[in-house]
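The sequence lines fix the lettering, A, B, ..., with proteins before strands; numbering per chain opens at 1.
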Number of protein chains: 2
Amino acid sequence: MSSDLSALLGDLITVNNRLTRVAAHAAHGTESAATWRTLSVLRQLGPIRLGELAARSRVSQPTATKLVTHLAERGWAERLADPLDARVASTVITPSGVAALDAWRSELAEALLPMFSGLTDAEVETLEEAIGILRARLDGSETPAVRPAVHTTSVGALPGTSAVHSSSTSPGASAAAGASA
Amino acid sequence: MSSDLSALLGDLITVNNRLTRVAAHAAHGTESAATWRTLSVLRQLGPIRLGELAARSRVSQPTATKLVTHLAERGWAERLADPLDARVASTVITPSGVAALDAWRSELAEALLPMFSGLTDAEVETLEEAIGILRARLDGSETPAVRPAVHTTSVGALPGTSAVHSSSTSPGASAAAGASA
DNA sequence: TGGACATACATAGTCAGACTATGTATAGTG
DNA sequence: CACTATACATAGTCTGACTATGTATGTCCA
C-alpha cells in the first residue's frame with residue numbers, strides 16, 4: 001500500500017512547512033525557531049565545534065557563528081577554548097540554556113494543545129514513532145555537503161550513525177520521544 | 001507513561017525545524033519554501049480569497065498578497081475578480097502552477113531519497129499515517145467552527161496510482177482523514 | 001627553521017520572508 | 001448620504017539565511 005516514496009516525501013515537506021508556520025505563531029513572545037533548534041542540537045550533542053554544529057544544524061558556518069553568538073549573549077551557551085587547537089571554539093549549552101529550552105517546550109506545548117487535543121492513543125503513538133524515524137534519519141545521515149577534508153585526523157569519533165531501524169510497534173519510538181535530546 | 005503530550009509536541013516542532021533546514025538544502029535551484037507552501041494550499045483549496053489563503057497558510061494578509069503577486073508573476077496563479085464583490089480578488093492555481101509544483105516535488109524527493117532510503121514498509125506506513133494526522137489537524141483547526149470529522153477513512157487510502165503526484169488531498173472537504181475524535 | 005598551504009572560525013554585505021502599521025476602494029447600514 | 005466595516009494593497013522594518021572574504025592557527029616539507 002506504500003504508494004510512492006516520492007509522493008510521501010513531497011507530502012512530508014509540505015506538511016512540515018505548514019507546521020512551521022503554526023509553530024511560529026505558537027512560540028510568540030520568545031526567541032526564534034533558529035535559536036531553539038540550535039539549542040536543541042547543543043543539548044543533544046554536548047560540547048561541539050562550531051563547524052560540526054553548522055553541519056548538524058544544516059546551516060552555513062557563518063550562520064552558526066551568529067547563532068552561537070546570540071546564544072552566548074543570552075547566557076544560554078558558552079564557548080570553550082580547545083587546549084589542543086587554538087583555532088577551535090567549542091560550544092556548550094549552559095544550565096540556563098537548558099532551562100530556557102525546557103521553558104520554550106512547555107510554552108509551545110501549551111499553545112499547541114488546542115490544535116492537538118483529543119488525539120487518540122493510537123495517533124499519539126503514531127506521531128511518536130514518526131518522530132523517532134525522522135530523528136534517526138536526521139541524525140544518521142552525515143552531512144553530504146561540507147566535508148572536503150581528506151585528512152585523517154580521526155580524533156573524536158562522531159556519535160552519529162546510530163543505525164536505528166526499529167520497525168513500528170517497537171519500543172524505540174516511545175523512548176525516542178521521551179528522551180528529547 | 002507513553003504520552004506526555006507536552007514532550008511530544010516539543011519533539012515534533014524540534015524535528016520539524018530540523019527537517020525544514022534539510023528541505024531548504026534539497027530544493028536548491030528552485031523557489032522558496034513559502035512559494036511551494038502557498039502553491040500547495042492553492043491546489044488543495046482551489047479558488048480562494050486572499051484573506052482565506054492567509055488564514056490557511058498561517059501568514060498575515062500582506063504576506064499572502066506578496067506571495068500571490070510572486071506566483072502571478074511566475075504565471076503559476078491568477079487573480080479572479082469576484083462579480084459579486086469588487087473588493088475580492090480570488091486566486092487560482094494555473095496548469096503551469098500545478099506542473100511547477102509537481103516538478104518541485106519530484107526534485108525534492110530525488111534529493112531526499114538518499115536520506116530516506118531503506119525505510120521499511122512499516123516505517124513508510126507510520127510516516128504516511130503521521131502526515132495524515134498532522135494534515136487533519138492543520139486543516140481542521142482553522143475556522144472558529146471546527147469541521148467535525150465525518151467518516152473514518154483510513155489514511156492509507158490515498159490514491160497515488162493515477163498520476164505522478166498523489167496526495168495533497170482533493171479539493172473540497174476531504175480534510176478529515178484519520179481525525180476520529 | 002621558514003615559507004606555502006590547509007583549516008577553523010569571524011566579519012561584511014546582501015537577499016528574502018515575515019511582521020505591523022497604514023492606505024484605498026468597495027460593501028453594507030441607519 | 002454620510003458612517004462604519006470589510007478586503008486587499010502598499011510602506012517600512014526586522015531577522016535568518018546565504019556567499020564572499022578576512023584573520024589566526026595548524027601542518028607539511030624542503
Does [N] have OP1 or OP2 sitting under 4.0 Å from an N or O in the side chain of [X]?
{"X": "H25(B)", "N": "dC18(D)", "value": "yes"}
{"X": "S32(A)", "N": "dG16(D)", "value": "yes"}
{"X": "R37(A)", "N": "dA17(D)", "value": "yes"}
{"X": "S60(B)", "N": "dC19(C)", "value": "yes"}
{"X": "T65(B)", "N": "dA9(D)", "value": "yes"}
{"X": "R58(B)", "N": "dG17(C)", "value": "no"}

In whole angstrom, give the distance that lies between atom [atom1] of [X] and atom [atom2] of [N].
{"X": "R49(A)", "N": "dA10(C)", "atom1": "CZ", "atom2": "P", "answer": "12 Å"}
{"X": "L67(B)", "N": "dG17(C)", "atom1": "CG", "atom2": "C1'", "answer": "8 Å"}
{"X": "L53(B)", "N": "dA9(D)", "atom1": "CG", "atom2": "P", "answer": "11 Å"}

(request) Answer yes when D82(B) and R87(B) have at least one side-chain N-carboxylate O distance shorter than 4.0 Å, and no when they do not. (result) no

(request) Using modelled atom types only, decide if a donor and an acceptor are shared between the side chain of T94(A) and the backbone of G75(A) within a distance under 3.5 Å. (result) yes

(request) Scan residues 68-93 of chain B against DNA chain D and write down, sorted by residue number, each residue with any heavy atom closer than 4.0 Å; if none is found, say none. (result)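 The answer is R79(B), R87(B), V88(B), A89(B).
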
(request) Would you list the pairs meeting ring pair (Phe, Tyr, Trp, His ring centres under 6.0 Å) in which at least one residue belongs to residues 45-94 of chain A, sequence neighbours left out? (result) W36(A)-W76(A)

Would you tell me whether [X] and [Y] have side-chain atoms, one donor and one acceptor, within less than 3.5 Å of each other?
{"X": "S106(A)", "Y": "E110(A)", "answer": "no"}
{"X": "T65(B)", "Y": "Q61(B)", "answer": "yes"}
{"X": "T69(B)", "Y": "R79(B)", "answer": "yes"}

(request) Look at the side chain of Q61(B) and the base of dA9(D), then say whether one donor and one acceptor between them are separated by less than 3.5 Å. (result) yes

(request) Could you pick out which residue, K66(B) or P62(B), lies toward the 5' side of DNA chain C when each is mapped onto its nearest nucleotide? (result)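 Its nearest nucleotide lies further toward 5', so the answer is K66(B).
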
